[in-house]
There are 2 protein chains.
Amino acid sequence: MIETERWLELLEEKGGRITGPRKAIVELMVKADHALSPVDVFDQARSKYPKMGLVTVYRTLEILSELGLVERVHQQDGCHMYLRAANGHEHLLICSRCGKAAYFSGDDLSVLIDRISSESGFVIQSHWLQLQGICQKCQPKKFQTPIE
Amino acid sequence: MIETERWLELLEEKGGRITGPRKAIVELMVKADHALSPVDVFDQARSKYPKMGLVTVYRTLEILSELGLVERVHQQDGCHMYLRAANGHEHLLICSRCGKAAYFSGDDLSVLIDRISSESGFVIQSHWLQLQGICQKCQPKKFQTPIE
DNA sequence: AATGATAATGAAAAACATTTTCAATAAGGA
DNA sequence: TCCTTATTGAAAATGTTTTTCATTATCATT
């Protein structure tokens, strides 16, 4: 649970208060290994903090996002899921069926980025590399009709 | 305008009808070099087809998207812009200020993908590589990167 | 421990974005 | 030209996110 503490300390350093709803959301996001929508977070967090409001989930995800601890996940069927942010040069590998997340590193895009920068005249600010696939658990079900 | 014809032919082959609203939207998307929201498309397309409804824009973008001709653009401040889809192994370079799009190629992620696939157990379906930056027009002059 | 300033909360309402419904229209084969 | 049916626009519905505001709770200061 050391990671939870770290997130809460960062929140505090930024001038935020540590509250019940925030603790519940942080605990949940720290250990989430599947992308979660605000409503997913809301539902799960209410078991720890039943008075939780959905608005607080939105607000807390925004703060965690500003702190770089959480990131919105981009998927072909929408972009309203959240996940622990990638650290350093990690990139996301995500299951397009169940949202299971894995992180990988090992690419080196710096040469490419330098080249594109000078060819295009753009000042490159960030890059985004993500792999979509089907995780092991979902593979036997690959040919089933997707859940609606 | 040969590209416009190609899009319309693909639409027709798919069993769709070629209509005024669709022609207006296709012409616009073919030559768009900035990411456009459905409302942007709506506004621009109405100059060619004043009766255009916003719903038709949504529907047409969806069809063009199914045909692989148009793609939703993912940006940190939202994912409701559209752009001509990348062809083949092209990837998108987008200005985070004005939405100006450029495409690049020259990466080879296949080795990385094979490695991640076997390490993670995921069956990799697709990959997304995108660079975010500031285009030349949006840069303060003193920071401009000269094009080579 | 009690106090007080104010940050954070939840509920309701508002603001957006997108989709569905449906009657009227128009595309394009017969 | 006719006829079938895909397409359209308007309105309503749906879904997501943000704003507003009165109440509550945190935590620095006593």
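So that the names make sense, note that chain A is the first sequence line, chain B the second, and so on, each numbered from 1.
In the hydrophobic cluster analysis, where Ile, Leu, Val, Met, Phe, Trp and Tyr join through side-chain heavy atoms closer than 4.5 angstrom, B:I116 is grouped apart from A:I94.
In this structure, A:W128 and A:H74 have perpendicular ring planes: the angle between them is above 60°, well past the 30° mark. Ring geometry for A:F104 against A:H91 counts as tilted: the plane angle lies between 30° and 60°, on a 0 to 90° scale.
At the heavy-atom level, B:G16 lies under 4.0 Å from the strands shown only through sugar-phosphate atoms. Residue B:F42 is out of contact with every strand shown, counting any heavy-atom pair closer than 4.0 Å.
Comparing B:P38 and A:V55 by the nucleotide of DNA chain C whose heavy atom lies nearest to each, the residue mapping closer to the 5' end is A:V55. Along DNA chain C, the nucleotide nearest to A:P21 and the one nearest to B:L54 differ in position, and the one closer to the 5' end is contacted by A:P21.
Remark: B:E9 does not engage B:R6 in a salt bridge, criterion side-chain N to carboxylate O under 4.0 Å. A:K23 and A:E27 are not joined by a salt bridge, as no carboxylate oxygen comes within less than 4.0 angstrom of a charged side-chain nitrogen. Using a cut-off of 4.0 Å between Lys/Arg side-chain N and Asp/Glu carboxylate O, B:E90 and B:R84 are scored as salt-bridged.
Closest approach to the A:I18 side chain among C:dA27, C:dT9, D:dC27 is made by D:dC27 (side chain taken as heavy atoms from C-beta onward).
One can place CG of A:D40 at 16 Å from C1' of D:dT17, the figure rounded to the nearest angstrom. Straight-line distance from the CD atom of B:E12 to the C1' atom of D:dA6: 13 Å, rounded to whole Å. One can place CZ of B:R22 at 14 Å from C1' of C:dT25, the figure rounded to the nearest angstrom.
At the phosphate of C:dT6, neither OP1 nor OP2 sits under 4.0 Å from any side-chain N or O atom of A:R17. Using a 4.0 Å cut-off, some side-chain N or O of A:T19 falls inside it from OP1 or OP2 of C:dT9. Within the structure, every side-chain polar atom (N or O) of B:K14 is placed at least 4.0 Å from both OP1 and OP2 of D:dA6. Within the 4.0 Å cut-off from OP1 or OP2 of C:dG10, at least one side-chain nitrogen or oxygen of A:T56 is found.
A heavy atom lying under 4.0 Å from DNA chain C marks the following residues of residues 58-84 of chain A, by number: A:R59. For DNA chain C, none of the residues of residues 23-34 of chain A falls under the heavy-atom distance limit of 4.0 Å.
Side-chain atoms of A:S117 come within 3.5 Å of backbone N or O of A:F122 as a donor-acceptor pair.
Both tests hold for A:R46 against A:F42: distance to the six-membered ring centre under 6.0 Å, angle to the ring axis within 45°.
At a threshold of 4.5 Å between non-hydrogen side-chain atoms, the residues A:P21 and A:T60 do not count as touching.
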